[in-house]
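Inspection log for the structure reproduced underneath, given as structure tokens.
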Amino acid sequence: MSLNPFPYQLYLVISEADCVGRNFLQVAEQAMLGGVDVIQLREKNSSTDSFLAKAQQLIELTDKYSVPLIINDNIQVAEKVDAAGIHVGNSDASPVYLRQRPLLHHKIIGYSIEYLSQLDNEQTAVSDYLGISPVFRTDTKTDTITEWGLEGIKTIRQLTEKPLVAIGHIHLGNAKEVMNAGADCLAVVSAICGAPDPQKAAYQLKNEILK
Ligand SMILES: Cc1ncc(COP(=O)(O)OP(=O)(O)O)c(N)n1
Ligand SMILES: Cc1nc(C(=O)O)sc1CCOP(=O)(O)O
Ligand SMILES: [Mg+2]
């Protein structure tokens, strides 16, 4: 367990495309009703205008449920909607840069860990949580480098006190072992967005985490 408090255990990463023909706002609402604690909007193929429009709709809903909304990659969108935070990786704006922006310096900053050497850098030092990227290979995001596995989580857990968010092919069948390996929070796309009943899927995942 991390020594730094991170009050979120189930993290939904959502996009319209990942909701496979369903309304992403309805999926997000069902997920929150099922127990999702934090949501990231990740629109990799949208223009900034379209991303912003989706973020504005989603934040109305997340505010209603007091669930923080994190924006993936896009600084303009994060600032314009006054999101709770932003998640970045090695190809994005750096956490140190984000911390210097007046509208983001006090927000949640998430940073993806693809190499162990990142744990010693200043980007990690200024971030609020680390994404273990990925725990297991996934068809949802294929441009990844290290498949950390359970052993990788254990190694990272020993090297940092930052909250660890596990992502990549996390589902009901491996959720508990990923938490037991040292993750503080599980982030999922398909396990909720692709489930026949997103509310039930979120509820079951949350129960598995809390068991
Ligand atoms: C919680 C969480 N962890 C990791 C990622 C991946 O971020 P990144 O490496 O920047 O890749 P993209 O998501 O931008 O494709 C994430 N989004 N969320
Ligand atoms: C958004 C994202 N980031 C990843 C990373 O490894 O950094 S894997 C991923 C997608 C996770 O999708 P699913 O839960 O469907 O496997
Ligand atoms: Mg990114």
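Being a predicted model, the structure only gives us computed values, none of them experimental.
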Quick one: CG on L130 to NZ on K162, what's the gap to the nearest 0.5 Å?
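The distance works out to 7.0 Å.
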
Go through the steps for D184 and R157 under the test side chain to side chain contact (heavy atoms under 4.5 Å, CB included), then give the verdict.
CA-CA 10 Å; D184 298 289; R157 179 71 294 156; 2.9 Å; yes

Using side chain to side chain contact (heavy atoms under 4.5 Å, CB included), reason through F24 and D18 one step at a time and then give a plain yes or no.
CA-CA 8 Å; F24 84 101; D18 286 320; over 6 Å; no

Is the count of non-hydrogen atoms from other residues, nucleotides or ligands lying under 6.0 Å from [X] atom [atom1] greater than 12?
X: K141; atom1: NZ; value: yes
X: R137; atom1: CZ; value: no
X: N23; atom1: CG; value: yes

Checking one residue: [X]. Which other hydrophobic residues are in its cluster under the side-chain 4.5 Å linking rule?
X: Y115; answer: I145
X: L210; answer: none
X: V96; answer: V126

Can you find a pair of side-chain heavy atoms, one from [X] and one from [Y], that are under 4.5 Å apart?
X: V189; Y: R42; value: no
X: L150; Y: F136; value: yes
X: F51; Y: N45; value: no
X: V135; Y: I170; value: yes

Would you please indicate yes or no on a ring centroid separation below 6.0 angstrom for Y111 and H87?
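No, ring centres 6.0 Å or more apart.
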
If you measure from the Lys or Arg side-chain nitrogens to the Asp or Glu carboxylate oxygens, is any gap between K107 and D82 under 4.0 Å?
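Yes, this pair counts.
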
In the single-linkage hydrophobic clustering (I, L, V, M, F, W, Y; side-chain heavy atoms under 4.5 Å), do V20 and V36 co-cluster?
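Not linked; separate clusters.
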
Is there a path of hydrophobic side-chain contacts, each under 4.5 Å between heavy atoms of I/L/V/M/F/W/Y residues, joining V77 to L103?
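No; V77 is not reachable from L103 via cluster members.
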
Tabulate below the donor-acceptor pairs under 3.5 Å that side-chain atoms of residues 53-61 make, not counting sequence neighbours, or state none.
from: K54; atom 1: NZ; to: E16; atom 2: OE1; distance (Å): 3.1
from: K54; atom 1: NZ; to: E43; atom 2: OE1; distance (Å): 3.2
from: K54; atom 1: NZ; to: S46; atom 2: OG; distance (Å): 3.3

Show me, pair by pair, the donor-acceptor contacts under 3.5 angstrom made by side chains of residues 198-209, not counting sequence neighbours?
from: K206; atom 1: NZ; to: G35; atom 2: O; distance (Å): 2.8
from: K206; atom 1: NZ; to: D37; atom 2: OD1; distance (Å): 3.0
from: E208; atom 1: OE1; to: K211; atom 2: NZ; distance (Å): 2.9

Aromatic plane relationship, Y129 with Y11 - under 30° parallel, 30 to 60° tilted, over 60° perpendicular:
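Because their plane-to-plane angle is over 60°, the rings of Y11 and Y129 count as perpendicular.
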
Which residue pairs pass the side-chain hydrogen bond (donor to acceptor under 3.5 Å, both in side chains) test with at least one member in residues 171-181, sequence neighbours excluded?
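Sorted pair list: H171-N174.
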
Partner of V13 by side-chain contact (heavy atoms from CB on, under 4.5 Å), out of L41, I39, I167, T140:
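Running side-chain contact (heavy atoms from CB on, under 4.5 Å) over L41, I39, I167, T140 with V13 returns exactly one hit, I167.
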
